[in-house]
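Data first, discussion second: the structure below is written as structure tokens.
Heads up: numbering here begins at 1 and tracks the sequence.
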Amino acid sequence: DGLSLGGAAADSGGFGFSGGGHGHVGGGGGGGQAAAGQPPSAAASAPEEDPVHDLGLLPLEPAGSEFMGRPKAPCQAPPPPASAPALGPAGDAFVVINLEVVEVEVFAEYHQDFVVAFQVVSAYRHTCDEGLFRVWPRALYRQVVLFGNAAYLHLFMRHLQLNKEYLEAVVRFYKSEACPEQFPQRARRMKYLLHEGVPNLETRYMLSRQLGDEFADVQNETASLVYMA
């Protein structure tokens with residue numbers, strides 16, 4: 001329909017496209033005529049710029065009688081959808097149906113939206129028991145400390161208690177990181193977790209001492225607050 005309309009407009013001059021889509025020769029009722037007082041050769045030698053070509057689009061070819069009588073080609077069936085990739089540690093499209101325990105743990109650790117991860121873990125808790133919740137310290141360490149996902153921490157604290165057991169597990173993951181050079185912001189993000197996630201000053205001081213000299217500033221700050229309290 002779009003091609004035939006373009007052809008009709010070209011014949012009447014309404015849209016101003018000449019046959020074959022070679023150039024724009026004027027709009028409105030003036031159609032394909034040259035300007036008054038100008039020889040045809042001059043009008044042909046200085047065609048106006050085609051705005052269709054300026055936008056990087058292809059002009060419509062006018063429809064002829066051979067097009068109107070041409071049978072329509074049968075529609076081709078769309079290609080079959082590609083199979084979903086396997087559940088992987090990062091970047092893959094996650095699958096959440098019929099997962100094994102280890103696959104649920106991978107999902108919870110690597111999914112960046114805590115609410116979604118919490119819903120999936122809670123759904124599988126009825127078949128995989130409460131042991132699934134042991135994944136949360138590792139997920140906190142990866143999302144908050146390694147990836148800097150601050151929203152993850154705040155959403156976690158709205159749904160679950162960030163207890164001392166979880167915090168000590170995060171500290172162990174921090175100290176045993178195999179490739180710390182790949183995460184240069186790791187210490188700064190761990191300090192953020194301590195300040196935002198550990199309101200108890202004594203617990204924060206204890207954890208910062210476990211983390212070593214790199215967290216001396218947190219130790220000094222927290223020790224003075226504990227003393228003043």
Side-chain angles (χ1 to χ4, degrees), residues 87-92 94-96 99-229:
L87 179 67
D92 295 342
F94 288 112
V95 179
V96 297
L99 299 182
E100 300 293 336
V101 174
V102 65
E103 293 173 325
V104 179
E105 292 176 348
V106 169
F107 180 91
E109 180 180 348
Y110 284 89
H111 201 286
Q112 297 180 0
D113 189 331
F114 171 78
V115 175
V116 175
F118 179 71
Q119 290 174 341
V120 171
V121 171
S122 298
Y124 277 96
R125 182 182 57 182
H126 301 291
T127 57
C128 301
D129 70 45
E130 298 286 340
L132 274 179
F133 274 48
R134 67 178 179 269
V135 72
W136 293 127
R138 185 179 294 276
L140 280 169
Y141 173 69
R142 183 166 301 281
Q143 293 296 328
V144 180
V145 179
L146 296 187
F147 295 164
N149 189 349
Y152 194 97
L153 174 61
H154 293 284
L155 289 171
F156 181 96
M157 295 173 65
R158 291 182 187 177
H159 292 79
L160 296 171
Q161 181 183 4
L162 189 53
N163 56 40
K164 185 178 178 181
E165 179 184 357
Y166 284 178
L167 291 167
E168 289 179 338
V170 173
V171 169
R172 288 195 297 270
F173 288 132
Y174 183 93
K175 296 173 66 176
S176 61
E177 173 60 46
C179 302
E181 68 280 356
Q182 295 184 6
F183 306 97
Q185 301 298 321
R186 198 171 63 110
R188 183 175 63 85
R189 293 166 179 169
M190 186 67 194
K191 293 176 182 179
Y192 173 83
L193 187 149
L194 292 175
H195 281 100
E196 296 295 322
V198 190
N200 185 287
L201 297 178
E202 293 183 359
T203 303
R204 188 190 304 173
Y205 177 73
M206 179 198 67
L207 295 173
S208 62
R209 290 196 61 183
Q210 293 179 13
L211 288 164
D213 295 338
E214 195 174 12
F215 290 78
D217 55 337
V218 180
Q219 297 173 29
N220 296 333
E221 172 192 347
T222 309
S224 62
L225 293 174
V226 171
Y227 178 77
M228 290 175 60

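- In this structure a side-chain-to-backbone donor-acceptor pair under 3.5 Å is present from S208 to Y205.
- If you take CD on Q161 and CZ on F156, they are separated by 9.5 Å, rounding to the nearest 0.5 Å.
- Proximity of Y192 to V145: side-chain heavy atoms (C-beta onward) are nowhere separated by under 4.5 Å.
- Rounding to the nearest 0.5 angstrom, the gap separating the CG atom in L225 from the CD atom in E202 is 12.0 Å.
- Side-chain atoms of R204 come within 3.5 Å of backbone N or O of V198 as a donor-acceptor pair.
- Side-chain N or O atoms of K175 include none that pairs as donor or acceptor with a backbone N or O of V170 at under 3.5 Å.
- No side-chain heavy atom of L207 sits under 4.5 Å from any side-chain heavy atom of V218.
- Within 6.0 Å of atom CD in E168, more than 12 heavy atoms from other residues, nucleotides or ligands are found, so the atom counts as buried in its surroundings.
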Requested in this report: Check the pair R138 / E105 against salt bridge (charged side-chain N to carboxylate O under 4.0 Å, His left out), numbers first and verdict last.
Outcome: CA-CA 9 Å; R138 185 179 294 276; E105 292 176 348; over 6 Å; no

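- Residues M206 and K164 have side chains in contact (heavy-atom distance under 4.5 Å, counting atoms from C-beta outward).
- Between L193 and L167, the closest side-chain pair of non-hydrogen atoms falls below 4.5 Å.
- H195 contributes a side-chain N or O that, together with a main-chain N or O of K191, makes up a donor-acceptor pair within less than 3.5 Å.
- The shortest distance between side-chain heavy atoms of L162 and L140 falls below 4.5 Å.
- Atoms CG and CZ, from L160 and R158 in turn, are 13.0 Å apart once rounded to the nearest 0.5 Å.
- Taking the centre and axis of the six-membered ring of F215, the NZ or CZ atom of R209 falls outside the cone set by 45° and 6.0 Å.
- Side-chain N/O atoms of Y124 and E100 include no donor and acceptor closer than 3.5 Å.
- Within 6.0 Å of atom CD in E177, more than 12 heavy atoms from other residues, nucleotides or ligands are found, so the atom counts as buried in its surroundings.
- In this structure, the salt bridge (charged side-chain N to carboxylate O under 4.0 Å, His left out) partners of R142, at least two apart in sequence or on a different chain, are E109.
- The side-chain heavy atoms of D217 and E221, taken from C-beta on, include no pair separated by under 4.5 Å.
- Counting heavy atoms of neighbouring residues, nucleotides and ligands inside a 6.0 Å radius, atom CG of D213 does not exceed 12 of them.
- Annotation: the span from Y152 atom OH to D113 atom CG amounts to 9.0 Å, rounded to 0.5 Å.
- Here the closest heavy-atom approach between residue L153 and residue G197 is recorded as CD2-N, 4.4 Å.
- Note: C128 SG to F133 CZ = 11.5 Å, rounded to the nearest 0.5 Å.
- Summarising the geometry of P137 relative to A169, their closest heavy-atom pair is CB-CB, 3.5 Å, with the distance given to 0.1 Å.
- The line from OH of Y174 to CD of E214 is 4.0 Å long, rounded to the nearest 0.5 Å.
- Side-chain contact between Q185 and L146 is absent, with no heavy atoms from C-beta onward closer than 4.5 Å.
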Report task. Under the side chain to side chain contact (heavy atoms under 4.5 Å, CB included) rule, what do R189 and V144 come out as? Steps first, then yes or no, please. Result -> CA-CA 7 Å; R189 293 166 179 169; V144 180; 5.6 Å; no

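- Counting heavy atoms from C-beta on, the side chains of R186 and P184 never come closer than 4.5 Å.
- Between W136 and F114, the distance from one ring center to the other falls under 6.0 angstrom.
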**Report entry** Full working for side chain to side chain contact (heavy atoms under 4.5 Å, CB included) between Y141 and V171
**Finding:** CA-CA 8 Å; Y141 173 69; V171 169; over 6 Å; no

